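Single-structure report; data block below.
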Amino acid sequence: MARILITSALPYINGIKHLGNLVGSQLPADLYARYMRARGHEVMFICATDEHGTPAELAAAKTGEPVDAYCARMHAVQTDLAHGFALSFDHYGRSSSARNHALTQHLAAKLGEAGLIEEIAEKQVYSHTDGRFLPDRYIEGTCPACGYERARGDQCENCTKQLDPTDLINPRSAISGATDLEVRETKHLYLRQSKLRDTLDQWIDRQQGWPVLTTSIAKKWLHDGDGLRDRGITRDLDWGVPVQFDGAPWQGMDGKVFYVWFDAPIEYIAATAEWADRHGLDDSAWRRWWRTDEGADDVRYVQFMGKDNVPFHTLSFPATLIGSGEPWKLVDYIKSFNYLNYDGGQFSTSLGRGVFMDQALSLLPADYWRWWLLSHAPENSDAEFTWENFQTSVNKDLADVLGNLVSRVTKFCRSKFGESVPEGGATGPREAQLVADLTTRLHAYAGHMEAMDIRKSAAELRALWVLGNEYLQEAAPWSSFKTDPDLAAAQIRLALNLIRFYAVISQPFIPEASARIMAAMNSDDWSWPTDVAQALDRLPAGHAFAVPDVLFAKITDEQRADWETQFSGQR
RNA sequence: GGGCCUGUAGCUCAAUUGGUUAGAGCAGAGCGCUCAUAACGCUUUGGUUGGGGGUUCGAGUCCCUCCGGGCCUACCA
């Protein structure tokens with residue numbers, strides 16, 4: 001039994017996430033966590049809301065709430081949605097927690113002591129009307145190169161030229177439109193990660209089998225131009241972890257907070273501490289997951305994230321942990337994802353284009369979305385959601401192949417033998433063949449799950465379901481019942497057991513449907529099948545069961561058409 | 001501009017990392033079955049692997065080039 005630490009990239013607090021966000025980190029992380037638990041491993045699965053930064057402050061201002069109240073409310077909303085999608089976090093924390101404040105300040109102090117923090121005075125644009133410094137991209141103006149009037153302070157979207165905010169003609173605040181902008185000098189802390197470049201480079205080189213997407217992005221940042229650049233880790237904001245604190249190795253940083261990308265990954269650790277607090281455990285309970293000197297050296301740590309998160313997880317966060325000089329657990333494997341697009345374009349919050357987590361659950365149960373999203377996870381390239389694909393996939397895979405199998409077996413048994421597992425008869429070579437086929441495919445399925453090959457896992461699971469329909473077709477208990485009822489009884493006894501077997505192995509993908517099947521089969525034996533023949537003998541003759549309601553109702557053409565219109569983006 | 005990924009059947013994707021005749025699912029066609037959510041099973045049509053050139057006994061896979069799609073490019077997170 002291994003110990004596996006799993007973190008999902010933290011969803012940002014300023015709104016409800018869309019399906020692309022979900023499939024890019026939280027959902028595949030959940031699949032992996034569920035599978036590893038099912039295999040008997042000790043799992044710590046951590047996620048949290050990422051609550052700091054300018055967008056959170058602006059979102060709160062828009063609703064008129066204090067930012068802490070806004071974040072608390074949105075955290076509750078996202079927690080509900082996580083439950084709705086059956087995401088099995090051991091803890092869903094908050095980056096604004098006291099634990100994260102303390103740990104972020106601790107690590108910053110350690111980095112300072114190690115000589116890896118530098119104070120740099122720089123010029124930033126301040127908006128009097130907004131009462132805040134503006135990040136580059138929150139400043140708009142006319143592009144000096146092409147004349148585009150809505151160029152942003154970091155880059156012109158029209159001509160793609162890199163810009164400095166002071167390059168803009170007629171600059172204005174993108175928040176308020178205010179033009180009373182002023183360049184002010186302000187002091188910030190920089191993480192001198194350039195000093196760790198070789199260490200990070202060698203660490204990346206030692207990682208075997210990481211997705212190309214992960215290592216190529218890291219390598220680019222390490223070797224582009226002059227190599228890895230130092231990075232500002234503080235901001236002039238109110239909401240966040242204060243930079244000035246008792247014991248800080250610097251002065252004069254009052255009123256500043258750490259940059260959200262500095263404190264967000266630290267929350268992985270802090271959230272584990274929050275987990276311990278919630279369960280009344282002492283610090284050793286979480287430190288055994290994170291400190292290699294306190295038991296974490298046998299932990300396997302896997303991170304899940306979208307590709308936009310890769311630089312922070314391959315470079316900045318490791319630099320923070322390594323630079324602290326303390327024995328923190330580093331990530332062992334990074335599973336990164338491309339983007340999910342929506343029907344020919346990108347998901348868009350502002351345009352109301354695409355399907356968001358709350359809307360998805362209002363249309364259909366979580367398992368429908370889980371199955372489609374996971375079986376089409378954007379592992380090798382960007383993927384695309386279309387309603388037509390969703391409808392055919394879900395109807396075919398879930399309703400026809402799996403759902404109907406459960407239905408045909410349980411209903412046949414009820415009509416011929418009653419609602420308990422029939423007795424009598426014996427199985428023969430056809431059944432032995434089924435066991436052999438299931439064993440082969442179960443091994444392949446397990447191999448893909450271990451490797452986090454998500455699409456392949458889904459395809460293999462579906463193939464396992466298909467074996468049930470093939471068997472039933474050949475065995476044809478409806479025929480054998482007429483000539484040899486005992487044989488039919490043995491066949492159906494096996495088929496009922498097969499249904500329970502499917503519920504167990506399908507649970508990581510479709511946990512709610514699996515639970516319904518298990519309830520109908522009147523079983524709570526979720527142990528992972530290591531010996532297929534034994535696993536198909538768990539429900540003995542005489543064991544009572546119930547015919548479940550339709551497991552997966554089909555998506556109709558009318559529904560599909562309605563939803564296509566509803567989510568096309570003219571909100 | 002630079003870097004990276006990607007292009008395989010009508011659609012969504014595989015192809016053990018250079019090795020027989022490029023495979024699945026869906027869609028299409030035919031047959032079978034009648035337990036079941038008009039479900040299931042079997043058979044089958046369909047590809048000059050984006051175009052061109054090269055290396056090799058052998059290329060979907062490696063190299064060059066052109067065309068198309070996408071991502072990143074460090075102050076959004």
Side-chain angles (χ1 to χ4, degrees), chain A residues 9-14 21 50 52-56 58 122 124-125 133-139 152-155 160-162 164-165 174 188 193 211-213 215-217 219-221 223-225 228-232 235 259-261 264 306-312 315-316 338-339 341 346 375-376 378-384 386 388-389 391-393 395-416 453 455-456 458-459 462-463 466 468-479 481 488 491-492 495 547 549-554:
Chain A
L10 308 188
Y12 198 67
I13 194 70
N14 71 339
N21 298 126
D50 179 11
H52 298 139
T54 307
L58 296 180
E122 56 189 10
Q124 287 270 304
V125 174
F133 282 93
L134 298 178
D136 289 358
R137 71 169 51 195
Y138 282 92
I139 302 161
R152 291 189 323 209
D154 56 341
Q155 183 175 36
T160 72
K161 184 180 168 59
Q162 302 275 331
D164 191 89
H188 281 296
Q193 50 187 17
V212 180
L213 187 64
T215 50
S216 66
I217 292 173
K219 284 290 182 181
K220 174 71 176 5
W221 281 51
H223 299 294
D224 190 40
L228 187 61
R229 292 177 230 169
D230 293 340
R231 190 159 183 127
R235 292 290 183 273
Y259 179 36
V260 56
W261 260 117
K307 57 186 168 185
D308 51 333
N309 276 254
V310 167
F312 303 100
L315 303 169
S316 306
N338 290 284
Y339 292 142
N341 290 319
Q346 297 193 331
S375 62
H376 294 79
E379 291 178 293
N380 297 317
S381 61
D382 290 353
E384 178 163 314
T386 65
E388 185 183 7
N389 188 305
Q391 181 194 23
T392 56
S393 269
N395 285 355
K396 198 69 198 173
D397 298 347
L398 295 181
D400 293 348
V401 176
L402 178 62
N404 182 56
L405 176 71
V406 172
S407 191
R408 66 195 294 206
V409 169
T410 53
K411 286 183 178 172
F412 179 81
C413 184
R414 178 173 63 186
S415 75
K416 304 300 183 196
D453 276 335
R455 284 180 182 236
K456 289 180 183 174
R462 185 191 194 281
V466 167
N469 282 312
E470 289 174 357
Y471 167 72
L472 218 56
Q473 186 64 33
E474 281 192 45
W478 48 90
S479 296
F481 181 77
Q491 290 165 336
I492 284 298
V547 174
D549 293 336
V550 168
L551 274 181
F552 299 101
K554 291 199 188 192

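Bear in mind the structure is a predicted one, so any value in this text is a computation, not a measurement. First the proteins, then the strands, lettered A, B, ... as listed; each starts at 1.
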If you measure from the C1' atom in B:rC75 to the same atom in B:rG10, how many Å do you get, rounded? 46 Å
Nucleotide B:rU37, atom P - distance to CG of A:D549 in whole Å: 12 Å
Once base and sugar-phosphate atoms are separated, protein heavy atoms under 4.0 Å mark nucleotides 59-64 of chain B, 5' to 3', with B, S and - as ------
Please state how far atom CG in A:D453 lies from atom C1' in B:rU17, giving the value in whole angstrom units. 14 Å
To the nearest Å, how far apart are A:R414 CZ and B:rA36 C1'? 11 Å
Testing B:rU37, B:rC76, B:rC40 for proximity to the side chain of A:D154, the answer is B:rC76
Ignoring backbone atoms, establish whether A:Y259 has a side-chain N or O less than 4.0 Å from OP1 or OP2 of B:rA77. yes
Hey, is the side chain of A:Y339 poking within less than 4.0 Å of OP1 or OP2 on B:rC72, counting only N and O atoms? yes
Measure all distances between protein nitrogen or oxygen atoms and nitrogen or oxygen atoms of nucleotides 24-26 of chain B, and list the pairs falling under 3.5 Å.
residue: B:rG25; atom: O3'; partner: A:R462; partner atom: NH2; Å: 3.3

Bracket notation of RNA chain B in which parentheses pair within the strand, [ ] cross earlier pairs, and | pairs with another strand (Watson-Crick or G-U, under 3.5 Å): (((((((..((((.....[...)))).(((((.......))))).....(((((..]....))))))))))))....
By side chain to side chain contact (heavy atoms under 4.5 Å, CB included), which residues pair with A:P11, not counting sequence neighbours? A:K17, A:Q26, A:C47, A:Q78, A:Y92
Measure the distance from CG on A:N395 to C1' on B:rA38 and round it to the nearest whole Å. 13 Å
Just N and O in the side chain of A:K554: are any of them under 4.0 Å from OP1 or OP2 of B:rA39? yes
Within this structure, what is the CD-NZ distance for the pair A:Q391 and A:K554, rounded to the nearest 0.5 Å? 9.5 Å
In whole angstrom, what separates A:D400's CG from B:rU37's C1'? 7 Å
Reported OG1-to-CG distance for the pair A:T386 and A:N341, which is rounded to 0.5 angstrom: 12.0 Å
Please determine if A:K219 and A:D224 form a salt bridge, counting it only when a charged side-chain N lies under 4.0 Å from a carboxylate O. no
What nitrogen or oxygen pairs link the protein and nucleotides 31-35 of chain B at under 3.5 Å?
residue: B:rG32; atom: N2; partner: A:Q473; partner atom: NE2; Å: 3.1
residue: B:rC33; atom: O2'; partner: A:W478; partner atom: NE1; Å: 3.4
residue: B:rC35; atom: O2'; partner: A:R408; partner atom: O; Å: 3.1
residue: B:rC35; atom: O2; partner: A:R408; partner atom: NE; Å: 3.0
residue: B:rC35; atom: N3; partner: A:R408; partner atom: NE; Å: 3.3
residue: B:rC35; atom: N3; partner: A:R408; partner atom: NH2; Å: 2.6
residue: B:rC35; atom: N4; partner: A:R408; partner atom: NH2; Å: 3.2

Name all residues meeting the ring pair (Phe, Tyr, Trp, His ring centres under 6.0 Å) criterion together with A:Y471; count only those two or more places apart in sequence or in a different chain, and write none if there are none. none
Side-chain N,O (A:R152) to OP1/OP2 (B:rC75) below 4.0 Å: no
For nucleotides 42-46 of chain B, give me every protein contact, N/O to N/O, under 3.5 Å, one pair per line with atom names.
residue: B:rC42; atom: OP1; partner: A:E470; partner atom: OE2; Å: 3.3

How far does NZ of A:K416 sit from NZ of A:K411, to the nearest 0.5 angstrom? 14.5 Å
Not counting sequence neighbours, which residues clear ring pair (Phe, Tyr, Trp, His ring centres under 6.0 Å) with A:F312? List them please. A:W261
Is the closest side-chain donor-acceptor distance between A:N338 and A:K307 under 3.5 Å? yes
Distance criterion of 3.5 Å, no angle test: do you see the side chain of A:N404 paired donor-to-acceptor with the base of B:rA39? no
Check: A:R408/A:N469 side-chain N/O donor and acceptor closer than 3.5 Å: yes
Taking atom C1' in both B:rA39 and B:rC35, what distance in whole Å separates the two? 10 Å
Who passes ring pair (Phe, Tyr, Trp, His ring centres under 6.0 Å) against A:F133, sequence neighbours left out? A:Y126
Measuring from A:L551:CG to A:L398:CG, what's the distance to the nearest 0.5 Å? 9.5 Å
Rounded distance (nearest 0.5 Å) linking atom CG of A:L134 with atom CD1 of A:I139: 5.0 Å
Using whole Å, report how far OH of A:Y12 lies from P of B:rA77. 6 Å
Is the glycosidic angle of B:rU48 within 90° of 0, making it syn, or outside that range, making it anti? anti
Atom pair OG/CZ of A:S415 and A:F481 - distance to nearest 0.5 Å: 7.5 Å
Start with the C-alpha gap between A:Y138 and A:D154, add the side-chain angles, then the distance that decides, and say whether side-chain contact (heavy atoms from CB on, under 4.5 Å) holds. CA-CA 9 Å; A:Y138 282 92; A:D154 56 341; over 6 Å; no
So, using ring pair (Phe, Tyr, Trp, His ring centres under 6.0 Å) as the criterion, who are the partners of A:F552 when residues are at least two apart? A:Y368
Choosing from B:rC75, B:rA39, B:rA74, which nucleotide comes nearest the side chain of A:P135? B:rC75
Residue set satisfying side chain to side chain contact (heavy atoms under 4.5 Å, CB included) with A:V466, at least two apart, ordered chain then number -> A:V401, A:R462, A:E470
Please tabulate the protein-to-nucleotide N/O contacts below 3.5 Å involving nucleotides 9-15 of chain B, giving atom names and distances.
residue: B:rC13; atom: O5'; partner: A:R455; partner atom: NH1; Å: 3.2
residue: B:rA14; atom: OP1; partner: A:N380; partner atom: ND2; Å: 2.3
residue: B:rA15; atom: OP1; partner: A:K456; partner atom: NZ; Å: 2.9

Go through A:R231 and A:Y259 one step at a time and tell me if the side-chain contact (heavy atoms from CB on, under 4.5 Å) criterion holds. CA-CA 10 Å; A:R231 190 159 183 127; A:Y259 179 36; 3.9 Å; yes
Once hydrogens and angles are ignored, does a donor-acceptor distance under 3.5 Å link the base of B:rA74 to the side chain of A:W221? no
Give the rounded distance in Å between these two atoms: CG of A:L402 and C1' of B:rU37. 12 Å
Quick one: A:N309 CG to B:rU73 C1', roughly how many Å, whole number? 16 Å
